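Fair warning: this is a prediction, and the values are worked out from it, not measured in the lab.
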Amino acid sequence: MFRGFATISFYADDLAAARDWYTELLGVEPYYAYPAAPAPPAYLEFRIGDDADELGFIDRRYAPAGAGNAPGGAVMHWHVDDLAGTVQKLLAMGATEYQPITHHGDGSGFVTASVVDPFGNVLGVMHNPHYLEVLAARTTA
């Protein structure tokens, strides 16, 4: 039934500012914008990571009725190789701590953290040894 992660969508009141902030963070431009420039965007998409996962941004005026603006709910964590360095960069760019760097389990290397970006979205990052094992197995197969 579930085939894989397709898109995570964040909302922002100022999509141009979100585009610029995430372009700086990710080191890539969005590959898609609607409507096309020079019109102001209502939707943007980035492709990032080992699987070119999709990170979408929607103008908050298109959020579902009743959607809250406060950070919270489910947190999707992106694997990063340097968790502490990534958190430090996010904070230096104006994000605020949501969950501090937290070690989980028996010392097997699962470590998470999350921040609230300047647009009110919770962005999770983690170091996940299982992710690296699956990636390595897929690469050698």
For Arg19 and Pro30, work out which heavy atoms get closest and say how close. CG-CG, 3.6 Å
Considering residues, nucleotides and ligands other than Glu97, do more than 12 of their heavy atoms fall under 6.0 Å from its CD? yes
Would you mind reporting whether Asp51 and Arg138 have side-chain heavy atoms less than 4.5 Å apart? yes
Which pairs pass ring-ring contact (aromatic ring centres under 6.0 Å, His included) with one or both residues in residues 79-118, sequence neighbours excluded? His79-His127, His79-Tyr131
Taking all atoms of both residues into account, what is the closest heavy-atom pair of Gly56 and Thr7, and its distance? N-CG2, 4.4 Å
Locate the shortest heavy-atom distance separating Ala18 from Ala12; write the atom from each residue and the value. CB-CB, 3.9 Å
From CG (Asn128) to CG (Asp81), nearest 0.5 Å: 11.5 Å
Contact summary for Val122 and Pro71, nearest pair of heavy atoms: CG2-CB, 3.7 Å
Closest contact, heavy atoms only, Ser9 versus Ile58: CB-CD1, 3.8 Å
Partner set under side-chain contact (heavy atoms from CB on, under 4.5 Å) for Met76, not counting sequence neighbours: Phe5, Ile8, Trp78
Ignoring hydrogens, what is the shortest heavy-atom contact between Gly124 and Ser114? Give both atom names and the distance. CA-CB, 3.9 Å
4.5 Å side-chain heavy-atom contact, Leu25 and Leu123: yes
Parallel, tilted or perpendicular: rings of Trp21 and Phe119 (30°, 60°): perpendicular
On the 0 to 90° scale, with breaks at 30° and 60°, tag the Phe46-Tyr22 ring pair as parallel, tilted or perpendicular. tilted
Any heavy-atom pair between the side chains of Leu26 and Leu55 that's under 4.5 Å? yes
